[in-house]
Amino acid sequence: MPVLPIPAVLRSRRALAAAALTALTGSILAVPPASAAAPEGSAQGTCKIADDPSWSGWSNHEQVGRQLAQIAQASQGRVTVDVVGHSPQGRELYAARVGTGDRVLLVTSAIHGNERTGTEALLGILRQLGAAGDAQTRQILGEVTLVAMPMVNPDGGELNRRMNVRSWADTVTEFPQLAGAPRAWYHRLNGDGIDLPGFDLNRDFNPDLDYVPRAGDLPGRDTDAGFFLSPESRAIRDVYVGLRAEKGAVDAYVDLHHMGPCDRLTGGEQDGKFISVSLDYPPLGVQDGAKYRAQWPALDQDKSRRFALTVANGIQASYGSQSPAAAIGRYYHPDAREYAGQGRSALALNGTGTVLFEVRGQQDDLGQKLHGMLVQSVRTGVESLILGLADGTVDRVDGDDFFDLPDYGWDTAAD
């Protein structure tokens, strides 16, 4: 695909976006100069995966709780933190809130326990918005209400694994109407080499926000809505429902994840480079979710694509189109891909624009490698959406331009 020159008007918009982001974050990631050897992330570099990397540099649940308390105290009331539920093993599920605006953004991180780049990014955003006193921050806080749930699967996080920890027997004890029914398709008896049962929480959502599990609906299929069987998914739902009741609508929802470590962009200005962040709109099957529209007329896939494009534009404006931090693509999303049980799908069917972030590498692949760059990329992306909601940019971009983001593919030479 040929690389087209950037029109002058787009260059000027990107420059303005970069200036705005600098004011919000206080700094822009400085990318180290390239050495003579091909660096990791270049077209010539190889992807190195560790068998058992260190991940001690990532915040655990206790540290997240302590940092949130410090942020709230230092903000002098600007940031509030609530316990909105508990995990099956009794760990607190936190929701931090800042801003009073009518446009509402809900962000969740670490719904898969071994995907915690977003946790660090959200803590940084909350710290900045809670302390900054400049005019632009005050304006943002008057236009936007941000609610961040930085670690929604703490039990899985303590094990550095994808799933939570919950037996089917405990599930039936909570929902006795399920006695004798088959297990939900997304419940596993073990995962990530750990012999403990649990759920893939990102399949446990239902667009019917009042749904109560029914034996006749089990086990379900991967294309179907989930069943709200775990307290973590119900906590996210309850926060969403409460915000909608208070504010009238939740404009945007962002779900922060990790993807594989060795995917390279195919096309665009960074063709052949390792992808840093991929973005997506809800995976709701053929014809852009057409089969859902009769029952869920609020679905607006173009809105989700506008929000995702705003994220991509902001990251690229901040770091420049050649920076590894700005190696952005669109997440693998064929026309038939359908996961109605994901949180972003369920909330999109209720009218919210939803964006998936997939940042390169999981803790059990890269450990702390590229920690700083990837955290900053995610942070800048979320901040770009906050700014776009505050100034209305999200309403003016063309959602079809999202499809111009490059695809990616697995590096077959990966170690």
Side-chain angles (χ1 to χ4, degrees), residues 102-106 108 111 175 177-178 181-182 184-186 199-230 233-234 236-255 279-310 330-356 385 389 394-403:
D102 291 335
R103 303 207 77 167
V104 180
L105 169 60
L106 173 63
T108 58
I111 197 169
F175 299 105
Q177 70 269 30
L178 302 183
W185 73 268
Y186 51 91
F199 289 92
D200 183 336
L201 293 174
N202 200 33
R203 304 295 186 271
D204 196 36
F205 291 82
N206 195 300
D208 179 357
L209 302 176
D210 296 317
Y211 177 83
V212 176
R214 297 186 293 261
D217 293 339
L218 296 172
R221 301 173 301 168
D222 60 354
T223 58
D224 295 339
F227 309 115
F228 286 133
L229 294 170
S230 282
S233 55
R234 295 196 299 273
I236 296 170
R237 174 199 63 186
D238 293 346
V239 169
Y240 177 85
V241 169
L243 285 169
R244 197 167 65 164
E246 176 190 351
K247 294 288 193 176
V250 176
D251 296 83
Y253 169 67
V254 171
D255 194 14
L279 303 167
D280 196 21
Y281 61 98
L284 288 169
V286 298
Q287 298 181 33
D288 221 6
K291 81 174 190 179
Y292 295 93
R293 295 185 190 282
Q295 185 176 1
W296 305 103
L299 175 65
D300 185 348
Q301 294 283 64
D302 183 71
K303 177 164 65 174
S304 293
R305 288 190 285 266
R306 293 199 312 271
F307 291 3
L309 183 64
T310 300
R330 54 189 178 95
Y331 191 66
Y332 177 71
H333 193 152
D335 290 341
R337 189 167 183 266
E338 185 172 4
Y339 292 111
Q342 291 189 354
R344 61 189 177 119
S345 296
L347 302 188
L349 290 168
N350 281 275
T352 295
T354 72
V355 181
L356 171 73
L385 184 55
L389 289 167
V394 294
D395 304 315
R396 297 191 294 271
V397 296
D398 187 343
D400 287 342
D401 290 345
F402 173 81
F403 295 111

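The first residue of the sequence shown is numbered 1, and numbering continues consecutively from there.
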Decide if atom OH of Tyr332 counts as having more than 12 heavy atoms of other residues, nucleotides or ligands within a radius under 6.0 Å.
no
Can you tell me if Gln177 has over 12 outside heavy atoms packed within less than 6.0 Å of its CD?
yes
For the residue pair [X] and [Y], what are the closest heavy atoms and their distance?
X	Y	result
Pro297	Ala294	CD-O, 4.0 Å
Leu389	Arg103	O-CD, 3.2 Å
Val355	Ser304	CG2-O, 4.0 Å
Leu279	Ala308	CD1-O, 3.4 Å
Asn202	Gly343	OD1-N, 3.3 Å

Any non-hydrogen side-chain atom of Leu201 less than 4.5 Å from a side-chain atom of Ile236?
no
When rounded to the nearest 0.5 angstrom, what is the spacing between [atom1] in [X] and [atom2] in [Y]?
X	Y	atom1	atom2	answer
Thr354	Lys303	OG1	NZ	9.5 Å
Arg293	Gln287	CZ	CD	9.5 Å
His333	Leu356	NE2	CG	10.0 Å
Asp288	Asp302	CG	CG	8.5 Å
Ser233	Asp238	OG	CG	9.5 Å
Leu106	Tyr240	CG	OH	9.0 Å

Donor-acceptor under 3.5 Å ([X] side chain, [Y] main chain):
X	Y	value
Asp251	Val104	yes
Trp185	Arg221	yes
Thr352	Val250	yes
Lys291	Leu284	no
Asp204	Gly226	no
Arg306	Val394	yes
Gln342	Pro282	no

Indicate whether any N or O donor in one side chain lies under 3.5 Å from an N or O acceptor in the other, for Ser345 and Tyr292.
no
If only side-chain N and O atoms count, and only distance matters, is there a donor-acceptor pair under 3.5 Å linking Tyr211 with Asp217?
yes
By the definition ring-ring contact (aromatic ring centres under 6.0 Å, His included), identify the one residue from Tyr339, Phe199, Phe205 that meets it with Tyr186.
Phe199
From the options Asn206, Leu299, Asp208, select the one residue that forms a side-chain contact (heavy atoms from CB on, under 4.5 Å) with Leu349.
Leu299
The single option from Thr108, Asp255, Asp280 that satisfies side chain to side chain donor-acceptor pair (under 3.5 Å) with Arg344 is Asp280
Relative to the ring of Phe403, is the ring of Tyr281 parallel (under 30°), tilted (30 to 60°) or perpendicular (over 60°)?
perpendicular
